Q: 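Encoded as structure tokens, here's the structure I'll be asking about.
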Amino acid sequence: MTDAYGLDSNTLPRVFNPPPGWNEVLVSWQAKNIGWQPPTADWIPPGVPDARPAPAGWQFWVPNPILLAAATKTLTKKALVTMGVGAAMFLFGIIATIVDESMASSGGRFFVFTGLILVGLLRIIMGIVRLVRAPLMAKRSLSTFR
């Protein structure tokens with residue numbers, strides 16, 4: 001939503017979530033007052049007829065859904081890249097070990113590429129963990145901004 005001043009709410013990490021009966025607020029107000037909380041639990045906005053205090057535990061600021069989706073997508077891509085690099089390292093280590101074994105059968109030394117295999121496997125596991133945690137980390141990154 002763009003307000004009269006040309007500010008776009010899609011650029012804010014958190015957006016104001018007005019309680020039932022409260023008016024929508026300008027994006028310029030949100031940008032200046034991000035993270036604002038009412039001074040008391042029974043506070044009501046001035047000049048709003050029939051406004052009631054917010055329900056107990058009301059979340060006045062929520063992560064911007066557009067930025068949340070973008071952050072989740074970015075973190076998911078990074079997790080998939082980590083998994084892909086790990087899979088490539090793991091497979092290369094296995095293939096190199098098999099090729100080296102076949103060459104060693106003719107009298108040479110035999111090497112097992114353990115480090116490459118283990119690091120590849122570790123990166124696959126790290127990628128899976130990051131993939132599972134991507135939505136939580138994206139939400140946390142937007143929620144801690146003030």
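Fair warning: this is a prediction, and the values are worked out from it, not measured in the lab.
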Q: Please name the pair of heavy atoms, one in K139 and one in P63, separated by the smallest distance, quoted to 0.1 Å.
A: CG-CG, 3.9 Å
Q: Below 30° counts as parallel, above 60° as perpendicular, anything between as tilted: where do the rings of F16 and W61 land?
A: perpendicular
Q: Check R14 against Q30 and note the closest heavy-atom contact, atom names and distance.
A: O-OE1, 4.4 Å
Q: Which pair of non-hydrogen atoms, one from L75 and one from M137, has the smallest distance, and what is that distance?
A: CD1-CB, 3.9 Å
Q: Hey, what do you get for CG (L12) to CG (L67), rounding to the nearest 0.5 Å?
A: 8.0 Å
Q: Among residues at least two apart in sequence or on other chains, which ones pass side chain to side chain donor-acceptor pair (under 3.5 Å) with T72?
A: none
Q: Assigning hydrophobic clusters by single linkage (Ile, Leu, Val, Met, Phe, Trp, Tyr; side-chain heavy-atom cutoff under 4.5 Å), is V81 placed with M89?
A: yes
Q: Closest heavy-atom contact between L68 and A138?
A: CD1-C, 3.7 Å
Q: With a 4.5 Å cut-off on side-chain heavy atoms, are I117 and L121 touching?
A: no
Q: Give a yes or no on whether the backbone of F113 and the side-chain of T97 come within a donor-acceptor separation of less than 3.5 Å.
A: yes
Q: If I compare all heavy atoms of W58 with all of P20, which pair ends up nearest, and what's the gap?
A: CH2-CD, 3.8 Å
Q: How about P19 and P55: do any of their side-chain heavy atoms sit closer than 4.5 Å?
A: yes
Q: Tell me, do P13 and I34 make a side-chain contact under 4.5 Å, heavy atoms counted?
A: yes
Q: Flag the pair K78 / R130 as yes when at least one side-chain heavy-atom distance between them is below 4.5 Å, and no otherwise.
A: no
Q: Go through R52 and I44 one step at a time and tell me if the side chain to side chain contact (heavy atoms under 4.5 Å, CB included) criterion holds.
A: CA-CA 6 Å; R52 296 186 321 264; I44 57 172; 5.5 Å; no
Q: Mind checking whether L116 and V119 sit in one hydrophobic cluster, side chains of I, L, V, M, F, W, Y counted as touching below 4.5 Å?
A: yes
Q: Hey, would you say the W22 and W43 ring centroids sit under 6.0 Å apart?
A: yes
Q: Looking at side-chain heavy atoms only, is the closest gap between F90 and F92 below 4.5 Å?
A: no
Q: Looking only at atom types and distance, does a side-chain atom of N17 sit under 3.5 Å from a main-chain N or O of Q59, one as donor and one as acceptor?
A: yes
